[in-house]
Amino acid sequence: MAGIRRVNGKFSGINAAVSCCRLRQVQSLLCDAGTATPDGILCSLGIDSRYNDGCTELAKYLFYGLYGRNQLNVELDEFPEEMLDDVILLIKAECVHLYCNPLNYSYLLPYVSHWRNLHLYCMTEAEYEDEEAAEEFKISSFVTMVQDCYRIGVPYSSQGHIQKFDMFMVEKWPLIQAFALEGIGGGSFFTIKYKLMDMSEKLWQVYNRLDPVSLDSLLSEDLVSFEKQWSGFFSSMDLENHLSILELSEAQAGEAFRTYYCHGLISSNITDKSKSRQPFVLFGKHSSLADLESYSFNFPSESHQVRNTGPQGSSASHMVLQCVSPKGPLACSRTYFFGTTHTPYLGNLFPRLMSQIYSATVQAVLSGIKCYSCTSSATKVRKKILSGTGLCFLQMSKCEFSIKAVNKQGRIIPLTDEESHYVVKTASMTVHDIPDPHQDGWDLGSVVFSESFLESSINIQQKDGTVSSDSCYTILTTTVPRYACWLVCVRLKTYFILQREEDTCLGTALTVADAAYVFSSSQLSTPEEGKIIFFSEGLLFIHSQYGSITLSKDHINTIKFYDPVCILIIYLNSCKLYIVLHIISFHFCILCSYRAPVV
């Protein structure tokens, strides 16, 4: 992205490499021989094409930031629109013809100055003052542009407004009608002399390829908006107290995702009805495979609540949820929990079982993304993941893993298509209809997890002739918490019992409750703020959302203390996990009572 100047986080300068690259992408459509390939692509803006959406879309692509509602140049605010739109482009395989006026010339120049074989048609300011002469110059320039052509392509439709191609509607464009004028025009009807071809769909494939400009827009605009929806979801959940959360319905919990998606669809005109590309929130056993497949975001359930979607009508222990960008490629799904799921463990079996399955699902998806970035084969990844997950006690038919390519319009395209190499991917896994270990024939529901990611690989030929691949990937939705849980009223008593008893299962309290930040090496973990209390036989972490988490000394292998920043790293027995504590006010002397080695 070097060479691009930015103002308020937006592009104010032009990257010549990106501008030329976008032009070459369009010109590549003209390189194939045969009657199906036009000699050039015509793009006329403004009144000359009756404000054709397809032409405007091509102009936005080539002159990014100059056209459209989100113009980046503040100097254009008072610039007459008809002057800026006074542009005619004819793109050929080896050259470009451009008509413009002396007023918009300086705005177009940074984009086109590096274009190869550019034929520029522009009057001087003094010449342009004669309106009749200016119109005649425009028409004669257009006639000169197309004189060597026989087949001419037109970007007739935009992705947001698909229309059936009608060459007689093109014939009504003022520019095309002026072509028939005697003397200054071509002297005959344009559609008789030239064969018109619709290039819309081929151009859409070009537009949907990610490049530095569209990637910047994805990260600085689309991803920010997407993350705000998750923040809104967590804010609404945090407003629920431990009693009212039982009354929470699926419709209430998913309102933020549903509103975001529905409002975006109004202007996107997306026709893809794939079930995997819609938002949902489902509780407990109501997240079965049948429920996931039949769900419609237009009809969320008010009757399915936390209190009645668990086994045999009890309260739910988990929920599955997905947020989808309505006009872009971003999507991710999560499984969150009601009640405690940690070890050492204070709740019933169901949350813990589902949490363990979910943890294995997360590991599988993250491993799948890494593997795909190296192999680019979804089939190999799927086979490896399903044979290597920690879900061997379940039937593999209950596990579904997939990687899908999604273009900038939010449409799924086959991984076998060439265009799939240039778009965002979504890796997802569902473990559905998990059996109830206590009741034959009953299911606990499903767990889901997915991430949107970008991958890139380069084949490198070594001196000995062998070819190796250098690859990398970036998970775009990694900031969305992979784990969360909310306590319900029946699970609030642990800390209060520990407070009242002088001698507890953790022994005698050595400190008061100190503010602390806790972070685990688990891939499910995010930094959390709470209170930490050290006891003679362990420690207790108290979190407003997760409740009380106990850690006995029997589970501790080694403790490392870093002073003066008050950082504790606690390494656990029988696993590779460690816990990092940043304690606001802390006394080193309490560590002396611990049998675990202190480094």
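Please read all numbers here as calculations on a predicted model, not as lab measurements. These values consider heavy atoms only, across backbone and side chains, with no hydrogens, waters or symmetry-generated copies.
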Enquirer: Strictly by side chain to side chain donor-acceptor pair (under 3.5 Å), give each pair with a member in residues 138-153 just once, sequence neighbours left out.
Expert: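 Residue pairs passing side chain to side chain donor-acceptor pair (under 3.5 Å), neighbours aside: Asp48-Lys138, Asp86-Lys138.
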
Enquirer: Quick check: closest heavy atoms across Tyr111 and Tyr64, and the distance to 0.1 Å?
Expert: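 Scanning both residues completely, I find the closest heavy atoms to be OH-O, 2.8 Å.
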
Enquirer: Under a 3.5 Å distance rule, please check whether Asp53 uses its side chain to pair with a backbone N or O of Ser157 as donor and acceptor.
Expert: no

Enquirer: Establish, from distance only, whether the side-chain atoms of Thr477 and Glu451 form a donor-acceptor pair under 3.5 Å.
Expert: yes

Enquirer: Can any side-chain N or O of Ser457 pair as donor or acceptor with the backbone N or O of Asp470 at less than 3.5 Å?
Expert: no

Enquirer: ring-ring contact (aromatic ring centres under 6.0 Å, His included) with His119: which residues, sequence neighbours excluded?
Expert: His97

Enquirer: Should the ring pair Phe234 and Trp230 be called parallel, tilted or perpendicular, given that the plane angle runs from 0 to 90° and is split at 30 and 60?
Expert: tilted

Enquirer: Donor-acceptor pair, Lys327 side chain versus Ser325 backbone, under 3.5 Å?
Expert: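 Between the backbone of Ser325 and the side chain of Lys327 there is no qualifying donor-acceptor contact (under 3.5 Å).
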
Enquirer: Among residues at least two apart in sequence or on other chains, which ones pass ring-ring contact (aromatic ring centres under 6.0 Å, His included) with Tyr473?
Expert: none

Enquirer: Any salt bridge (charged side-chain N to carboxylate O under 4.0 Å, His left out) involving residues 95-112? Give me the pairs, sequence neighbours left out, ordered by first then second residue.
Expert: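 Found none.
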
Enquirer: Show me the donor-acceptor pairs, under 3.5 Å and distance only, between side chains in residues 168-181 and residues at least two apart or in other chains.
Expert:
from	atom 1	to	atom 2	distance (Å)
Glu171	OE1	Thr191	N	3.3
Glu171	OE1	Thr191	OG1	2.3
Trp173	NE1	Ser49	O	3.4

Enquirer: With sequence neighbours excluded, give me every side chain to side chain donor-acceptor pair (under 3.5 Å) pair touching residues 20-30.
Expert: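 Only Arg22-Asp211, Gln25-Arg209 qualify under side chain to side chain donor-acceptor pair (under 3.5 Å).
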
Enquirer: Taking salt bridge (charged side-chain N to carboxylate O under 4.0 Å, His left out) as the cut-off, I'd like each qualifying pair that reaches into residues 119-134, sequence neighbours left out, listed once.
Expert: none

Enquirer: Verify, without hydrogens or angle tests, whether Lys404 (side chain) and Ala427 (backbone) share a donor-acceptor contact under 3.5 angstrom.
Expert: no

Enquirer: Any side-chain to backbone donor/acceptor pair from Thr37 onto Leu30? Under 3.5 Å, distance only.
Expert: no

Enquirer: Please collect all salt bridge (charged side-chain N to carboxylate O under 4.0 Å, His left out) contacts where either partner lies in residues 222-236, sequence neighbours excluded, each pair once.
Expert: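 Qualifying pairs: none.
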
Enquirer: Measure from the side-chain N and O atoms of Tyr260 to the backbone N and O of Cys323, and report whether any donor-acceptor pair falls under 3.5 Å.
Expert: no

Enquirer: Tell me whether Arg258 contacts the main-chain N or O of Ala251 through its side chain, where contact means a donor paired with an acceptor under 3.5 Å.
Expert: yes

Enquirer: Thr259 side chain to Glu255 main-chain N or O, any donor-acceptor pair under 3.5 Å?
Expert: yes

Enquirer: May I ask you to decide if Tyr156's main-chain N or O and Ser200's side chain share a donor-acceptor pair within less than 3.5 Å?
Expert: yes

Enquirer: Tell me every residue that passes side-chain contact (heavy atoms from CB on, under 4.5 Å) with Thr375, counting only those two or more places apart in sequence or in another chain.
Expert: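 With sequence neighbours excluded, Thr375 shows a side-chain contact (heavy atoms from CB on, under 4.5 Å) to Cys371, Ser377, Val381, given in chain and number order.
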
Enquirer: Ignoring hydrogens and angles, state whether a donor on the side chain of Trp115 or Ser19 is under 3.5 Å from an acceptor on the partner side chain.
Expert: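 Yes, Ser19 and Trp115 have a side-chain donor paired with an acceptor closer than 3.5 Å.
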
Enquirer: Is there a donor-acceptor pair under 3.5 Å between the side chain of Ser287 and the backbone N or O of Ser446?
Expert: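 It does hold such a pair.
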
Enquirer: Holding to side-chain contact (heavy atoms from CB on, under 4.5 Å), I want the full list of residues that pass it with Glu82, two or more places apart in sequence or in another chain.
Expert: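 In terms of side-chain contact (heavy atoms from CB on, under 4.5 Å), with neighbours along the sequence ignored, Glu82 is linked to Pro80.
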
Enquirer: Ala134: what forms a side-chain contact (heavy atoms from CB on, under 4.5 Å) with it, not counting sequence neighbours?
Expert: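 Residues passing side-chain contact (heavy atoms from CB on, under 4.5 Å) with Ala134: Met123, Tyr128.
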
Enquirer: Under a 3.5 Å threshold, yes or no: a donor from one side chain and an acceptor from the other, between Ser450 and Ser333?
Expert: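 Short answer, yes.
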
Enquirer: If you measure only the distance, is there a donor-acceptor pair under 3.5 Å linking the side chains of Ser428 and Ser402?
Expert: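 Ser402 and Ser428 do have a side-chain donor-acceptor pair below 3.5 Å.
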
Enquirer: Between Leu282 and Tyr295, what is the shortest heavy-atom contact and its length?
Expert: CD2-CD1, 3.7 Å

Enquirer: Hydrogens and angles aside, do Asp417 and Ser420 bring a side-chain donor and acceptor to less than 3.5 Å of each other?
Expert: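 There is no such pair (donor and acceptor under 3.5 Å, judged by atom type) between the side chains of Asp417 and Ser420.
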
Enquirer: Holding to side-chain contact (heavy atoms from CB on, under 4.5 Å), I want the full list of residues that pass it with Ile47, two or more places apart in sequence or in another chain.
Expert: Tyr51

Enquirer: How about Tyr107 and Leu66: do any of their side-chain heavy atoms sit closer than 4.5 Å?
Expert: yes

Enquirer: Ring pair (Phe, Tyr, Trp, His ring centres under 6.0 Å), that's the test. Do Phe142 and Tyr99 meet it? Break it down for me.
Expert: CA-CA 8 Å; Phe142 176 53; Tyr99 161 83; 9.9 Å; no

Enquirer: What are the two closest heavy atoms between Val112 and Leu118, and how far apart are they?
Expert: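 Heavy-atom minimum between the residues: O-CD2, 3.6 Å.
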
Enquirer: Specify whether Tyr61 and Tyr207 have parallel, tilted or perpendicular ring planes, treating 30° as the upper limit for parallel and 60° as the lower limit for perpendicular.
Expert: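 Plane angle between 30° and 60°, so tilted.
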
